[in-house]
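The structure appears right after this line, and notes come after that.
All values reported here derive from a predicted model rather than from experimental measurement.
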Amino acid sequence: MEHIIVPAPPFVQMERIYSMTATIKTFKGRRNVVTHLFRADTDTAELDELRPLGLVGKPDEETPEGADTPEGAENALRSVLEAFTADEGNALLAYLEKRYAAHITEVRVSPLELPVPLGSAPLASVPEGRTIGFIRFDAAPDYPLPFSVRGFYDLDAHEPLVSEDE
């Protein structure tokens, strides 16, 4: 299992800065499925600490209509709560290495791009569907971490194991 770790810039003013992805060799009939890992048990009390930091920026070109509202800014800020601290990221990386090394080809850890664009939403708010869903890592027996972790995936974004023409 390869680790790609990009350190946060030294001027970052918060600890909860790291996003993580894991690439799973095969998952639900697809190969090299990238899962976006996130903290599922976010603490809304942390929002008060994040608000004055100016972490939400202008909307990007693809921002949905009506996102430029106080609720839209709150959702963008909630997406920051799904990120990991360095200690949480290290603990999660060690857990994945120990439990899933044979199934995961790569784990990428990198700092969030700030400011988060207005219109961003937490991954936990994405509805599950036929090809979009969540891996509930914290539901595994003997899960050792003190925080819940989910992995968001979109199967349509990945190549099938067997050609769909066959």
When you compare the side chain of [Y] with that of [X], does any pair of heavy atoms fall below 4.5 Å?
X      : Y      : result
Pro111 : Pro9   : yes
Met20  : Leu92  : yes
Ile17  : Leu114 : yes
Tyr153 : Ile24  : no

Without swapping roles, check the side chain of [X] against the backbone of [Y] for a donor-acceptor pair under 3.5 Å.
X      : Y      : value
His158 : Val34  : yes
Thr35  : Ala22  : yes
Asp41  : Phe147 : no
Lys98  : Leu93  : no
Glu88  : Thr85  : yes

Do Asp156 and Thr131 have side-chain N/O donor and acceptor atoms under 3.5 Å apart?
yes
Between His3 and Glu106, is any side-chain donor less than 3.5 angstrom from a side-chain acceptor?
no
Pairwise distance CD1(Ile132) to CG(Leu155) - rounded to 0.5 angstrom
9.0 Å
Any Lys/Arg nitrogen of [X] or [Y] sitting under 4.0 Å from an Asp/Glu carboxylate oxygen of the other?
X      : Y      : result
Arg39  : Glu82  : no
Arg150 : Asp138 : yes
Arg16  : Glu46  : yes

Is the distance between the ring centroids of Phe134 and Phe152 less than 6.0 Å?
yes
